[in-house]
Amino acid sequence: SDQPVAILVPGRIHPRVLERLKEDFEIVAVPMGPPTDIDPGIRDRIRGVAISGVLDNGWIDRLPNLEIVSNFGVGYDGVDTAKALQHDIIVTHTPDVLNDEVADTTIALLLNTLREYPRAENYLREGRWKSEGPYPLTPLSLRGRHVGILGLGRIGIEIARRLEPFKVRIGYHTRTRRDGLPYTYYPSLKAMAEEVDTLISIVPGTAATHKIFTSEIFAALGPNGVFINVGRGTSVDEEALAEALRSRTIAAAGLDVFYDEPNVPQALLDLPNVSLLPHVASASVPTRNAMADLVVDNLIGWFREKKVITPVPETPVKA
Ligand code: NDP
């Protein structure tokens, strides 16, 4: 038919995605969450989804002609790829275009955690520099640290490269060892936590990474230990982390991601030795524009010439 392909957009998404989609497609905007009733005539024309966040599985059951889910973000834990695969639905994501931004943020969060820059700025703004004198010296420093990175993929390698000029020792753990790198490989997260004093997590949110940061890992990291998480909050037992910070089992933590966003546990908010960011690692205008373009270009590529740019490995594109 000459009716346009319709793209379902549950919940909010970057405005550039909608602006660009409008040029080629009909947009069907629905609330985030389980399927709502939509006219069968429109429903049957929905062949794509653009999603930022969690795609309710009910939509996959309800849309008989769905071919592709284009996910905003490199992490696609909000889309059930096993279910998509069963229905021959391709899932795409936005890798690489955000590597540098996320790695930059990781370094900033690490320094904020160690040197308390946000807290020091607040001290100045509150007039306390004038009334109380210099901001207290920070107990922690990056000097002489030994950093272990969990996940050395597209983003992890950029974090490692950025750490080199900071003159710290660098190691990593992944399930598959990478060749030809000047970094120490550790065979497990536990083994790495025992050897390093600074842990950076940049792994995806999967069943295998669910709550792997336990009280046992924090105990292994030790009292000079610093934990930085820019991967996924689901990797962390947040109660164990708050307790490790409270009891000084570890020294400090810096978090950009949380188990149940945007809910940040009060126990973490109440602690002085944690630096918190609201999931902003990739959140600059230029980087989010590049991610928005990739979301749209995957859909355009698919519907114009059956080619996607960045499919996820779980849903290979059949020729
Ligand atoms: P990649 O797939 O390129 O890298 C993932 C790395 O994690 C690989 O080195 C992989 O190695 C390792 N890994 C995966 N599972 C495990 C495991 N169970 N144990 C140990 N290592 C594991 O992904 P990216 O670098 O592009 O992105 C990583 C994640 O960062 C995203 O999935 C997303 O969740 C998160 N992210 C967060 C952002 C934020 O705003 N805070 C922004 C961007 C990304 P191997 O398979 O050999 O184990």
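Here, residue 1 is the first one in the sequence, and each next residue gets the next number. Counting starts at 1 for both ligands and their atoms, in listed order.
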For ligand 1 and [X], I'd like to know whether there is a polar contact (N/O to N/O, distance under 3.5 Å).
X	result
L152	yes
T206	no
G151	no
T209	no

Between [Y] and [X], is there a side-chain heavy-atom distance shorter than 4.5 Å?
X	Y	value
W302	V317	yes
E116	Y135	yes
R232	T209	no
V49	I68	no
I149	I170	yes

Could you identify the single nearest non-hydrogen protein atom to [atom] and state the distance to 0.1 Å?
atom	answer
atom 35 (C) of ligand 1	G231 O, 3.5 Å
atom 38 (C) of ligand 1	V230 O, 3.6 Å
atom 13 (N) of ligand 1	V203 CG1, 3.7 Å
atom 44 (C) of ligand 1	V74 CG1, 3.2 Å
atom 27 (O) of ligand 1	I155 CD1, 3.5 Å
atom 4 (O) of ligand 1	G153 CA, 3.3 Å
atom 47 (O) of ligand 1	T176 N, 3.0 Å
atom 5 (C) of ligand 1	P204 CD, 3.8 Å

Next item on the list: Measure centre to centre between the rings of Y172 and Y185, then say whether the value is under 6.0 Å.
Entry: yes
Check: Ring centres of Y186 and H173 under 6.0 Å apart?
Finding: no
Taking only heavy atoms of [X], which atoms of ligand 1 are found under 4.0 Å from at least one of them?
X	result
A208	18 (N)
V102	42 (C), 43 (C)
V257	41 (N)
A281	39 (C), 40 (O), 41 (N)

Short question: side chain of [X], backbone of [Y] - any donor-acceptor pair under 3.5 Å?
X	Y	answer
D237	A240	yes
N224	A251	no
N298	T310	yes

Next item on the list: Just do the side-chain contact (heavy atoms from CB on, under 4.5 Å) check on L241 and F218 with the steps written out, would you?
Entry: CA-CA 7 Å; L241 174 60; F218 298 129; 3.7 Å; yes
Notebook entry, point to check: Would you say the side chains of Y183 and E164 form a donor-acceptor pair under 3.5 Å?
Noted result: yes
Next item on the list: Return yes when P95 approaches ligand 1 closer than 4.0 angstrom through a heavy atom, no otherwise.
Entry: no
Note to self: Heavy atoms only: which of R175, R178, R177 lies closest to atom 15 (N) of ligand 1?
What the structure shows: R175
Item checked: Identity of the nearest option to atom 40 (O) of ligand 1, non-hydrogen atoms only, from M291, R154, H279 -> H279
Note to self: Just to be sure I read this right, does ligand 1 sit under 4.0 Å from the backbone of T174, its side chain, both, or neither, counting only heavy atoms?
What the structure shows: both
Note to self: Taking 4.0 Å as the limit for heavy-atom contacts, which would you say applies to I202 with ligand 1: side chain only, backbone only, both, or neither?
What the structure shows: both
Notebook entry, point to check: Given T92 and V69, is the side-chain contact (heavy atoms from CB on, under 4.5 Å) satisfied, shown in steps?
Noted result: CA-CA 6 Å; T92 66; V69 173; over 6 Å; no
